[in-house]
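In listed order, ligands and their atoms are each counted from 1.
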Amino acid sequence: MVTFPVIGVVGGGQLARMMAGPAVELGLELHVLAEGPDVSAVAAVAHAQVGDYRDRETLRAFAAGVDVVTFDHEHVPGELLEELVRDGVAVHPAPSALRHAQDKLVMRRAVEDLGLPNPAWAAVSTTDDVAAFAARTGWPVVLKTPRGGYDGKGVLVLRDAAGLADAEGWFTGGDLLVEQFVPFSRELSVLVARRPSGDAVAWPVVESIQVDSVCDEVLAPAPDLPPEVADAVTAAALRLAEQLGVTGVMAVELFETPGSGAGYLVNELAMRPHNSGHWTMDGAVTGQFEQHLRAVLDLPLGATAAVAPHAVMKNVLGGANTDLYGAYRSALSSGPSAKVHVYGKDVRPGRKIGHVNALAAQDEPLAAVRARATRVAAILRDGAEPPSSDQD
Ligand code: ADP
């Protein structure tokens with residue numbers, strides 16, 4: 001008798017793809033509703049169906065063939081998910097939780113209601129509203145589209161009143177979010193997982209380094225993070241998960257603000273495995289993709305402890321090299337202890353096409369681990385060894 005459940009993932013990007021390995025290991029079946037025949041996850045799963053996740057009937061038919069529905073992205077319209085829930089489909093995270101990751105205004109209100117540290121913020125519908133907000137908080141301010149933004153798209157920094165002209169075209173109906181510009185020292189992220197029956201766990205807090213608003217590197221754990229800040233942000237993330245009813249993996253992105261208030265502010269929530277958690281695939285007892293599957297099935301959660309003193313994740317963005325496999329000999333021999341993850345995507349400039357994880361050997365300094373991950377990622381990106389690199 002077959003009793004293994006089928007998990008349906010809406011969206012076929014690299015996050016769905018990276019669930020495939022752990023699903024195979026656990027004997028679970030993954031179905032993917034993919035945006036097209038060539039997206040990242042299609043080659044990795046036995047059951048991929050191409051369809052529009054915004055179409056009610058497509059979504060319903062997909063849900064009918066699986067035991068639980070979960071996500072690779074946060075773009076499925078909430079009202080369609082509410083209908084699935086009313087029809088008795090297990091949707092994790094539930095739409096009532098997911099809306100906090102879909103809409104930054106909803107998220108800001110929830111963070112405020114829970115008494116957790118937010119930057120100063122307001123809902124605005126005109127540039128005059130923005131000017132009035134800036135008169136209270138001072139310039140610069142940050143204007144954000146509440147929905148659909150990613151990798152800095154949908155974020156506009158306004159340096160001064162003259163910058164308001166740039167914002168004119170942003171008001172196309174519906175409120176926008178404006179925030180004070182936070183003079184943060186660095187960006188942190190904390191990843192948690194929660195199962196429907198309530199258990200929740202957190203991984204160590206990490207530092208995430210963004211370049212041009214795209215995650216470039218993650219250091220786990222965040223170096224020299226005061227223990228009281230680590231404890232506070234972990235408690236905040238677990239509280240958010242519980243109070244919002246999150247199921248599955250959630251990343252809470254934060255700004256570190258030493259010497260002011262709680263020492264951190266919440267930036268945003270992602271309710272799915274997240275780029276800042278890719279290090280866990282090799283650097284923690286349980287990786288985020290396995291954990292997400294466990295959580296959405298309401299299975300006992302795995303241990304989240306780090307398996308090395310430091311782990312570094314370096315993203316590989318599309319660059320000069322279009323033949324990734326052609327770079328494998330050089331990349332793999334340059335860093336035998338680094339782990340290469342490639343997403344099966346065509347190379348386009350700046351596109352996330354893979355990442356490299358490197359773990360510290362006993363007593364190995366963080367700088368050496370970073371150099372190792374960076375070198376291997378650079379070989380994949382550029383197709384050749386950087387001129388001045390050291391070997392492992
Ligand atoms: P996205 O949805 O694109 O990830 P975010 O809200 O995370 O958007 O913003 C993208 C980046 O812009 C952040 O990682 C941070 O570097 C910067 N940023 C966002 N909000 C603020 C803010 N209030 N103050 C200063 N920088 C900010």
Asker: Within a radius of less than 6.0 Å around CG of D323, do more than 12 heavy atoms belonging to other residues, nucleotides or ligands occur?
Answerer: yes
Asker: Which ligand 1 atoms does Q180 reach within 4.0 Å, using its non-hydrogen atoms?
Answerer: 22 (C), 23 (N), 24 (N)
Asker: Going by the atom numbers of ligand 1, which of them fall below 4.0 Å from some non-hydrogen atom of F184?
Answerer: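 Those atoms are 16 (O), 25 (C), 26 (N).
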Asker: Taking atom types as modelled, is there a side-chain donor on E29 or H31 under 3.5 Å from an acceptor on the other?
Answerer: yes
Asker: Of the choices K104, K153, K144, Q210, which has the non-hydrogen atom that lies closest to atom 19 (C) of ligand 1?
Answerer: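 The nearest heavy atom belongs to K144.
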Asker: Out of all atoms in ligand 1, which are within 4.0 Å of some heavy atom of G149? Include the element for each.
Answerer: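 Per the distance check, 2 (O).
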Asker: Less than 4.0 angstrom from a charged side-chain N to a carboxylate O is my criterion; do R372 and E364 meet it?
Answerer: yes
Asker: Closest by any non-hydrogen atom to atom 27 (C) of ligand 1: pick that one out of F255, F181, W121.
Answerer: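 Selected option, by shortest heavy-atom distance: F255.
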Asker: Check whether the ring centres of Y53 and H73 lie less than 6.0 Å apart, and answer yes or no.
Answerer: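 That pair passes the under 6.0 Å test.
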Asker: Starting from atom 3 (O) of ligand 1, find the nearest protein heavy-atom neighbour and note its residue, name and distance.
Answerer: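 Checking every protein heavy atom, the shortest distance to atom 3 (O) of ligand 1 gives G152 N, 2.5 Å.
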Asker: Can you tell me the protein heavy atom closest to atom 4 (O) of ligand 1 and the distance?
Answerer: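 For atom 4 (O) of ligand 1, the nearest protein heavy atom is E268 OE2, 2.7 Å.
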Asker: Which is closest to atom 7 (O) of ligand 1 in terms of heavy atoms, N267, V182, L269?
Answerer: N267
Asker: Between the side chains of S208 and Q210, does any donor sit under 3.5 Å from an acceptor?
Answerer: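 Present: a donor and an acceptor within the cut-off.
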Asker: Which protein heavy atom lies closest to atom 12 (O) of ligand 1, and at what distance to 0.1 Å?
Answerer: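 Checking every protein heavy atom, the shortest distance to atom 12 (O) of ligand 1 gives V155 CG1, 4.1 Å.
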Asker: Does this structure show an ion pair linking E57 with R60, if we count only N-O contacts that are shorter than 4.0 Å?
Answerer: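 Yes, E57 and R60 are salt-bridged.
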Asker: Taking D199 first and then R194, would you say they form a salt bridge - that is, a charged N and a carboxylate O separated by under 4.0 Å?
Answerer: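 Salt bridge: no.
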Asker: Surrounding OH of Y150 (heavy atoms of other residues, nucleotides or ligands, distance under 6.0 Å), is the total greater than 12?
Answerer: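 Counting neighbours around OH of Y150, 12 or fewer heavy atoms of other residues, nucleotides or ligands fall under 6.0 Å, so no.
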Asker: Any protein heavy atom lying closer than 4.0 Å to atom 17 (C) of ligand 1?
Answerer: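 Within 4.0 Å: no protein heavy atom nearby.
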Asker: So is G154 close enough to ligand 1, meaning a heavy atom under 4.0 angstrom away?
Answerer: no
Asker: Distance to 0.1 Å, residue and atom name: give those for the protein heavy atom nearest to atom 14 (O) of ligand 1.
Answerer: E187 OE1, 2.8 Å
Asker: Which residue owns the protein heavy atom closest to atom 11 (C) of ligand 1, what's the atom, and how far is it?
Answerer: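 Heavy-atom neighbour on the protein nearest atom 11 (C) of ligand 1: S213 OG, 4.2 Å.
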Asker: Give a yes or no on this: more than 12 heavy atoms of other residues, nucleotides or ligands lie within 6.0 Å of atom CZ of R348.
Answerer: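 For R348, atom CZ is not crowded (no more than 12 foreign heavy atoms under 6.0 Å).
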Asker: Look only at interatomic distance and state if E253 has a nitrogen or oxygen under 3.5 Å from any nitrogen or oxygen of ligand 1.
Answerer: no
